[in-house]
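What follows is a single structure, written as structure tokens, with notes after it.
Note on naming: letters A, B, ... go to the chains in the order of the sequence lines (proteins, then strands), and numbering restarts at 1 for each one.
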There are 2 protein chains.
Amino acid sequence: MTKQMHTIEESTKVFKALADPIRLKIIGYLNQLDHEVSCGEVGQVMGISKTSGSYHFKILQEAGLITAHKIAREKYVALDRSTFDQYLTHFWQNL
Amino acid sequence: MTKQMHTIEESTKVFKALADPIRLKIIGYLNQLDHEVSCGEVGQVMGISKTSGSYHFKILQEAGLITAHKIAREKYVALDRSTFDQYLTHFWQNL
DNA sequence: AAAATAGTTCAAATGTTTTTGAACTATTTA
DNA sequence: TAAATAGTTCAAAAACATTTGAACTATTTT
């Protein structure tokens, strides 16, 4: 609720995470589902290797764009919409 | 006014343009001024070489984030807020 | 006309991101 | 217990982005 200020470094990290076609497609997929899914499922749908998937999910997670938690063998991810709101929909308020 | 759909490639180009600290600072500078300024002035304020400035303005322009027009020797730039609105403030509508 | 100024272009160098496959950990199934 | 499955890590390779300086065009000033 309180006004958030972001450093240039934080903003750069978020926009770098968004600046890749695979990651944008992952975001689009997670958006239309709107519930948690395993990394493996997403990777299959995207047609990428598990190593590549692991790399891209790490980038998204470190930017705060997805949340993740492990259940047994599997890692489940979902969009963190608050981060999108802060950096994208409220872009001008942060600059 | 009409609903705009963007390809993954177009979105990637815009987010790549935003994914750099110098370019984010340029955007912040142009935002607070809210009138056209020459590339030279912006470059000086940012403390970058004219070659580097030329490169960054090209990236921003090709992404549609700034408009530019030449008057004699000088190139004047300003933010194109409609592009920011389409890709950032209306991010979810485009996915 | 010569010198200065604003910006672009080019190629080389440097730096960063992404992909790949092999080896690994942890969990589940047979 | 052995084999299969989900995901991570690592280092090397490949691909891409950025910086640099020199050479260039076009305009303005002296």
Option passing side chain to side chain contact (heavy atoms under 4.5 Å, CB included) with B:R23 (candidates B:L65, B:L60, B:I66): B:L60

Length of the CG-P vector between A:L24 and C:dT17, whole Å: 16 Å

Residue pair A:F15 / B:K16, side-chain heavy-atom distance below 4.5 Å: no

A:H6: ring-ring contact (aromatic ring centres under 6.0 Å, His included) partners, not counting sequence neighbours: A:Y87

Interatomic distance, A:K50 NZ vs D:dC10 P [rounded to whole Å]: 16 Å

Modelled atom types, side-chain donor and acceptor of B:Q4 and B:H90, under 3.5 Å: no

DNA chain D contacts made by residues 63-75 of chain B, counting heavy atoms under 4.0 Å: B:A72, B:R73

Expected output: side-chain B:T12 to main-chain A:D20 donor-acceptor under 3.5 Å: no

Whole-Å gap separating C1' (C:dT5) and CD (B:E41): 16 Å

Distance-only donor-acceptor check, side chains A:E41 and A:Y29, under 3.5 Å: yes

Gap between atoms CZ and C1', on A:F57 and C:dT19 respectively (whole Å): 16 Å

Polar side chain donor-acceptor pair, B:K75 to B:Q61, under 3.5 angstrom: yes

Backbone of B:I48 reached by a side-chain donor or acceptor of B:S52 within 3.5 Å: no

Nucleotides 14-19 of chain D: protein proximity per nucleotide (B base, S sugar-phosphate only, - neither; heavy atom, under 4.0 Å): ---SBB

